[in-house]
> 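Supplied in structure tokens, the structure appears directly below.
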Number of protein chains: 2
Amino acid sequence: MLKEERQQTILSEVALHNRVLLTDIAEILEVSIDTVRRDVKELDAENKLRKVHGGAISLGFTNQSKRNTNTYALEQKIVIAEKASHLLRNGGVIFIDGGTTCLELARLIPDDLQLTCFTLSLPVAFELLNKPNVEVIFIGGKISKDAQISMGANAVHNLSEINVDYSFIGTGYVDVLHGLTEFDWDIVQVKKAVIKAAKKMVLLCISEKLNSQHRFKTCDINAINTMVTELAPENNLLNLFRNHDIRLL
Amino acid sequence: MLKEERQQTILSEVALHNRVLLTDIAEILEVSIDTVRRDVKELDAENKLRKVHGGAISLGFTNQSKRNTNTYALEQKIVIAEKASHLLRNGGVIFIDGGTTCLELARLIPDDLQLTCFTLSLPVAFELLNKPNVEVIFIGGKISKDAQISMGANAVHNLSEINVDYSFIGTGYVDVLHGLTEFDWDIVQVKKAVIKAAKKMVLLCISEKLNSQHRFKTCDINAINTMVTELAPENNLLNLFRNHDIRLL
DNA sequence: TATTATTTTGCCGTTTTATGCTTTTTATTT
DNA sequence: AAATAAAAAGCATAAAACGGCAAAATAATA
């Protein structure tokens, strides 16, 4: 049997069943496991499948980390995410909120960092799947079509059963006086649950949102332990936040 | 024998069997292996076939592998999804499993159909967000990097609290005798929970998977109410399933 | 027809590739 | 931490590819 034939067979097996054992393939093809291993290695190198310990899995839709190019103020958000990523510690248990800034944070998690991440956000969850050492736990619930996050009583309840070291969240509006506020009441309910579930809160927020407010309140400003903006921590725009025991990054 | 003739023979052999061994050809044509090798080299240069170590393969053979970059057997899966979509009723409460076939079903849900959909699969959830009249509820849990679905105790528990009319599921392997089987034990646990949560089960399965099995059992074949393949219901390949009170589509 | 030039073919030694086996290292599970 | 399974590395063998060479076949030409 030709090598090409073998590899073709392997590919169809993988495509058919999504995952295969090297030993099974070896048996089917009647070749040594080494040969199969080498074949799978090659196919992996050609990006035809993904080799895993003991077998291979289909790429499926895995390769769809297409960055949304039209993120508003992307540059600044990346700066924020970059700063925030320094708060991550190996072995940490964290929550990552939805929103484009948090999504950037998820993207910036180093491959070698071992984390347990909770999230409500489908895009964040997707992004986290690319991180080899991140355990992803999705908080289920009714999914909001626009925010693409779990919401509603179910999500709130599920959040009530977890407890994380750090929670990285975004907000619609923030203001020293009124704290974190949102346009949407349902969102606020979920965010409150997130806050309850976290030991420490990190707010990721572009400076443009500072000193703005809306009608529904998520929490007071001093519920926030660390605030990360794209500005330098000593920037005057942040003065108002300085006397609130908030760490500025 | 003329060179032209020889090469023609080689080509037809390749066309017929998709592949040839140089040694076989040499024997058939009663020429030295070197001659065959040179012939094949020429034909390869003319793009009439592809030379590989030890033989040659037809061009069509390799092109098939390109299709794998997307979804394996996509055509058939769309056919299946199309048939399955006729089972959907306005106002229905359903569950949609992960996997590419189920993903196609999610894609095919009409915009005007009002549904409540539970799912464990991130890609399916994403797809469903595009459907204006579908309420999406994601069953949370630890997300499997391979299958991109919720798994583990949490997912199982969350499933225990729901009840749907129809559950559309896929399977790794299916066989009349051994029922639905999987490669992965954890997957089986989740699928069992799915089955418990559904009044009726619809299995979406390309015919290629019929009469295959693996080591972990999800359920007996008669746990399935309806089976959808890309074949016509009266196809002989489905005969074995006929006396199991399964509706074939 | 005889001679020469060109192409084709087979042969041989060398190099490369493929494969299986054994041992060591690394991952995973208990 | 021990036991097990898998991957990697190295080695040996056999098959295949390659390049050069010369004989044979074919074509061209005098």
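By convention in this document, chain letters (A, B, ...) are assigned in the order of the sequence lines, proteins followed by strands, and residues within each chain are numbered from 1. Since this is a predicted model, take the numbers as computed values, not measurements.
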> When you get a sec, tell me which of C:dG20, D:dA16, C:dT9 is the closest nucleotide to the side chain of B:H53?
D:dA16

> Using heavy-atom distances to pick each residue's nearest nucleotide on DNA chain C, tell me which of A:D34 and B:V36 is more 5'.
B:V36

> How many whole angstroms separate atom CG of B:D39 from atom P of D:dA17?
13 Å

> What's the CD-P distance between A:E4 and C:dT19, to the nearest Å?
11 Å

> Could you go through B:H178 and B:K217, starting from their C-alpha distance and side-chain angles, then the distance that decides it, and tell me whether this counts as side-chain contact (heavy atoms from CB on, under 4.5 Å)?
CA-CA 7 Å; B:H178 306 86; B:K217 179 164 176 173; 5.8 Å; no

> Classify the nucleic acid contact of B:I33 as base, sugar-phosphate or nothing, counting any heavy atom under 4.0 Å across all strands shown.
nothing

> Could you state the atom-to-atom distance from CG of A:L2 to C1' of D:dA16 in whole Å?
12 Å

> Does B:R37 contact C:dG10 through a side-chain donor or acceptor facing the base, at a distance under 3.5 Å?
no

> Over all strands shown, is A:V52 touching base, sugar-phosphate only, or nothing at heavy-atom distances under 4.0 angstrom?
sugar-phosphate

> Would you mind checking if A:E4 and B:R19 are paired as a salt bridge, meaning a charged N to carboxylate O distance below 4.0 Å?
no

> State whether a side-chain donor-acceptor pair under 3.5 Å links A:N163 with A:K199.
yes

> Tell me whether the OP1 or OP2 atom of C:dG20 has a side-chain N or O from A:R38 closer than 4.0 Å.
no

> Given atom CG of B:L22 and atom C1' of D:dA17, what is their separation to the nearest angstrom?
10 Å

> Whole angstrom is fine here: how far is it from CG in B:L21 over to C1' in C:dA18?
14 Å

> For B:K200, I'd like to know if atom NZ has over 12 heavy atoms of other residues, nucleotides or ligands within 6.0 Å.
no

> I need the CE-C1' distance between A:M1 and C:dG20, as an integer number of Å.
17 Å

> So does B:R107 pair up with B:E127, basic N to acidic O under 4.0 Å?
yes

> Let me know the distance between CD of A:E30 and P of C:dT19, rounded to the nearest Å.
14 Å

> Looking only at side-chain N and O atoms, does A:K51 come under 4.0 Å of OP1 or OP2 in D:dA6?
no

> Measure from CD on A:E42 to P on D:dA7 and round the result to the nearest Å.
16 Å

